[in-house]
Structure formats: C-alpha cells, structure tokens
A.B. asks: 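Below you will find the structure I want to go over with you.
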Amino acid sequence: MAADITLFPAPENEQVLLARAQALAGFSMGELAARAGIAIPRDLRRDKGWVGMLLELWLGASAGSKAERDFAHIGVELKTIPVDGQGRPLETTFVCVAPLTGNTGVVWQTSHVRHKLTRVLWVPVEGDRSIALAQRRIGSPLLWSPNQEEESLLQRDWEELMDLIVLGQVERITARHGEVLQLRPKAANSKALTEAIGEHGQPIMTLPRGFYLKKTFTAPLLARHFLL
DNA sequence: CCTTGATCATAT
DNA sequence: ATATGATCAAGG
C-alpha cells in the first residue's frame, strides 16, 4: 500500500483534529478507502496496521516511521482500537517498544510510555471478524488524558517492569506482570533479537519487547465516554 | 472463551 | 535491527 500522501494537512489544534475525527464516525472502511483511493485488503492477517494507516491518512497524521507522536505539533497520539458491538476493546493496545539497555537512572516522568499517553485520540473501530473489513465502521472518537488514578496505575506497572529489566530479569517477565500495562514480544518473529541485560549484568540477546495496555485499562476508559 | 506469545507489512 | 501501524492464533 502506497500512502505517503495526506488527504488532509496536519490539523492546527485539538479541536480541529477532534472535529475531523467526529466527522469520520459512521463511515465504513470501504467508504474511506474508496474515497482515499486505496485498495482494501480482504482481511487484516497480512495488513495488521491497515486500519491505523487509513485513519492517519484521513486525519492528516505524519506518515512514515518516525519515533514521534502522530500529531507532534499539538502533542497528540492517535490510537485506533478495535471494539465489539458493545464498544468493548477486542485487543490490547501497543504503546511503544521497551528500552532494554541504557536504563540507568530512567524515571517515569520522562519515560516514552508516559510521553505517548499524555494525550491520546482514541478512535474505536468495529473489529469483529464476522464483519467484512469493508463494512466495519468508525466509531465516535475520544480525546483522552490519564486521570490521577490511571497515571498511578501506569506508573506502578512501568516501574515494576523497568526494575526487572534493569536487574537483568527481562526473560522472566511474562504478560502476566502488571495490572494495566504489560510487556510482550514486539518483533517480526521469535528469532528477532536485540540486546538486553542478563541476570549477571552481562549483555545478552533477547526478543524485542513492547509495552501494551491491557483491555481492563482501555475498556472503562472507552465506556466512560459512551456514558456521556 | 480469552490471554499470551508470535507474527505481518513497510520505511529508515 | 528498529521504528511505525497493530492483529493473529495456539493453547491454557
């Protein structure tokens, strides 16, 4: 899929961005793909990021693979989230890759996780696999920042996981660690390797990991929105 | 049925 | 290999 064009220029502020996202609510993937002039895959098995890219295109997010937020100039990160018929998330949400080395002295306040999650535009999208991709619709968007409780939960999990990484325990971490934030593989396959700290402080090669938000965290966040 | 671990595409 | 965008699918 070639898409280094932007259907819209970058939104100048949050209000414009939100209005633009609200205007997409109710449209189907098929409609948005057709109006953007891009091909629609028959399913997402080989195009897992397709929905996210489509929304980036329509909302004027920066294309490419820069290590920045989607709307860096207004400090907003875009997250599409697949939901069921009742608006509940069907998948966890990838946040960012976990740094496995060079972590001496890192703190929550300046972490990539916190930075990415300070302001998020959530765009729910129908994700039930029984619905053909072209017929799945965009839901009502939500501009969100973590409240005090959410931030505390995130910070606790992040600190626990980072402690284990720094102490050379990365290979003992499973997706069961963490209440709301979990560490899972984030790689092309199980043979991809990256450097990390071993149990005796020595360099080791291990699977790249990423931070993911569990559904128990995103579900209430979205539910609150639908109650308003 | 749901979660965990694995995986897919693309650009740099 | 690492960053972006995530969902798939085996098995508990």
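Computed from a predicted structure; not experimentally measured. So you know, we letter chains A, B, ... as the sequences are listed, proteins then strands, and number each from 1.
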A.B. asks: Please state how far atom CZ in A:Phe94 lies from atom C1' in B:dA6, giving the value in whole angstrom units.
C.D. replies: 14 Å
A.B. asks: From the set B:dA6, C:dT4, C:dA1, return the single nucleotide nearest to any side-chain atom of A:Ala192.
C.D. replies: C:dA1
A.B. asks: When all nucleic acid strands are considered with a 4.0 Å heavy-atom cut-off, which category describes A:Lys214: base, sugar-phosphate, or nothing?
C.D. replies: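 Touches nothing.
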A.B. asks: Please tabulate, for the side chains in residues 193-204 of chain A, all donor-acceptor contacts under 3.5 angstrom to protein atoms that are two or more places apart in sequence or on a different chain.
C.D. replies:
{"from": "A:Gln202", "atom 1": "OE1", "to": "A:His200", "atom 2": "N", "distance (Å)": "2.9"}

A.B. asks: Tell me the interatomic distance from A:Leu55, atom CG, to C:dG5, atom P, rounded to whole angstroms.
C.D. replies: 12 Å
A.B. asks: Closer than 4.0 Å, any side-chain N/O of A:Arg129 to the OP1 or OP2 of C:dT7?
C.D. replies: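 No, no such contact exists.
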A.B. asks: For residues 72-83 of chain A, please give each side-chain donor-acceptor pair under 3.5 Å, one per line with the distance, not counting sequence neighbours.
C.D. replies:
{"from": "A:His73", "atom 1": "NE2", "to": "A:Pro11", "atom 2": "O", "distance (Å)": "2.7"}
{"from": "A:Lys79", "atom 1": "NZ", "to": "A:Phe94", "atom 2": "O", "distance (Å)": "2.8"}

A.B. asks: Can you check the A:Arg88 CZ to B:dT3 P distance for me, whole Å?
C.D. replies: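 Spelled out: CZ on A:Arg88 to P on B:dT3 is 11 Å.
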A.B. asks: For a quick check of understanding: with a heavy-atom distance under 4.0 Å over all strands, which category does A:Arg184 fall into, base, sugar-phosphate or nothing?
C.D. replies: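 Touches a base.
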A.B. asks: So what does A:Gly49 hit on the nucleic acid, given a heavy-atom distance under 4.0 Å: a base, only sugar-phosphate, or nothing?
C.D. replies: base
A.B. asks: Would you say A:Lys66 places a side-chain N or O within less than 4.0 Å of OP1 or OP2 belonging to B:dT12?
C.D. replies: no
A.B. asks: Could you walk me through whether A:Glu150 and A:Arg224 pass the salt bridge (charged side-chain N to carboxylate O under 4.0 Å, His left out) check?
C.D. replies: CA-CA 13 Å; A:Glu150 289 165 332; A:Arg224 229 181 297 144; 2.6 Å; yes
A.B. asks: Within this structure, what is the CG-to-P distance between A:Leu54 and B:dA9, rounded to whole angstrom?
C.D. replies: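 It works out to 19 Å between those atoms.
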A.B. asks: So, is A:Thr92 near the phosphate of C:dT7, with a side-chain N or O under 4.0 Å from OP1 or OP2?
C.D. replies: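 Answer no for this pair, as no side-chain N or O of A:Thr92 is under 4.0 Å from OP1 or OP2.
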A.B. asks: Which nucleotide in the list C:dG5, B:dA6, C:dT2 gets nearest to the side chain of A:Leu207?
C.D. replies: B:dA6
A.B. asks: From the set B:dT7, C:dA3, C:dG5, return the single nucleotide nearest to any side-chain atom of A:Glu77.
C.D. replies: C:dG5
A.B. asks: Which of these nucleotides, B:dC8, C:dG5, C:dT2, is closest to any side-chain atom of A:Glu56?
C.D. replies: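 For the A:Glu56 side chain, the nearest candidate turns out to be C:dG5.
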A.B. asks: When all nucleic acid strands are considered with a 4.0 Å heavy-atom cut-off, which category describes A:Glu68: base, sugar-phosphate, or nothing?
C.D. replies: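 Touches nothing.
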A.B. asks: Between B:dA6, C:dC8, B:dC8, which nucleotide has the shortest distance from any of its atoms to the side chain of A:Ser190?
C.D. replies: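 For A:Ser190, the side-chain atoms sit closest to B:dA6.
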A.B. asks: Nearest-nucleotide wise, let me know which of A:Lys191 and A:Leu90 is further upstream toward the 5' end of DNA chain B.
C.D. replies: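 Per heavy-atom nearest nucleotide, the more 5' residue is A:Leu90.
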A.B. asks: Using atom CG of A:Leu213 as one end and atom C1' of C:dA6 as the other, report the distance to the nearest whole Å.
C.D. replies: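 Going from A:Leu213 (CG) to C:dA6 (C1'), I get 13 Å.
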A.B. asks: Indicate whether OP1 or OP2 belonging to C:dG5 is found under 4.0 Å from a side-chain N or O atom of A:Lys186.
C.D. replies: no
A.B. asks: Write down the distance between CG (A:Leu57) and P (C:dG5), rounded to a whole number of angstrom.
C.D. replies: 14 Å
A.B. asks: Salt bridge or not for A:Glu14 and A:Arg119, using N-O below 4.0 Å?
C.D. replies: yes
A.B. asks: Taking atom CD as the centre, does A:Gln22 end up with more than 12 heavy-atom neighbours from other residues, nucleotides or ligands that are less than 6.0 angstrom away?
C.D. replies: yes
A.B. asks: If you only use heavy atoms from C-beta on, which nucleotide in C:dT7, C:dG5, C:dA9 is closest to the side chain of A:Arg45?
C.D. replies: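 Closest nucleotide to the A:Arg45 side chain: C:dA9.
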A.B. asks: Nearest to the A:Thr194 side chain among C:dG5, C:dT7, C:dA1, which nucleotide is it?
C.D. replies: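 Within the option list, the nearest is C:dA1.
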A.B. asks: Looking at residues 175-182 of chain A, who's got a heavy atom less than 4.0 Å off DNA chain B?
C.D. replies: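 Here the set is A:Ala175, A:Arg176, A:Gln182.
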A.B. asks: Rounded to the Å, how far apart are A:Trp50 CH2 and B:dT7 P?
C.D. replies: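 So the two atoms are 25 Å apart, to the nearest Å.
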A.B. asks: Atom CD1 of A:Ile38 to atom P of C:dG5: distance rounded to whole Å?
C.D. replies: 16 Å
A.B. asks: Pair A:Gln155, A:Glu151 - check side-chain hydrogen bond (donor to acceptor under 3.5 Å, both in side chains), show working.
C.D. replies: CA-CA 6 Å; A:Gln155 178 172 356; A:Glu151 171 134 5; over 6 Å; no
A.B. asks: Is it true that A:Arg69 and A:Ser62 share a donor-acceptor pair across their side chains at a distance under 3.5 Å?
C.D. replies: no
A.B. asks: Between A:Glu171 and A:Thr206, does the side-chain hydrogen bond (donor to acceptor under 3.5 Å, both in side chains) criterion hold? Intermediate values first, please.
C.D. replies: CA-CA 8 Å; A:Glu171 295 192 312; A:Thr206 192; 3.0 Å; yes
A.B. asks: Given B:dT3, C:dA6, C:dT4, which nucleotide is nearest the side-chain atoms of A:Lys79?
C.D. replies: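 Between B:dT3, C:dA6, C:dT4, the one nearest the side chain of A:Lys79 would be C:dA6.
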A.B. asks: So does A:Glu179 get a backbone contact from the side chain of A:Asp157, meaning a donor-acceptor N/O pair under 3.5 Å?
C.D. replies: yes
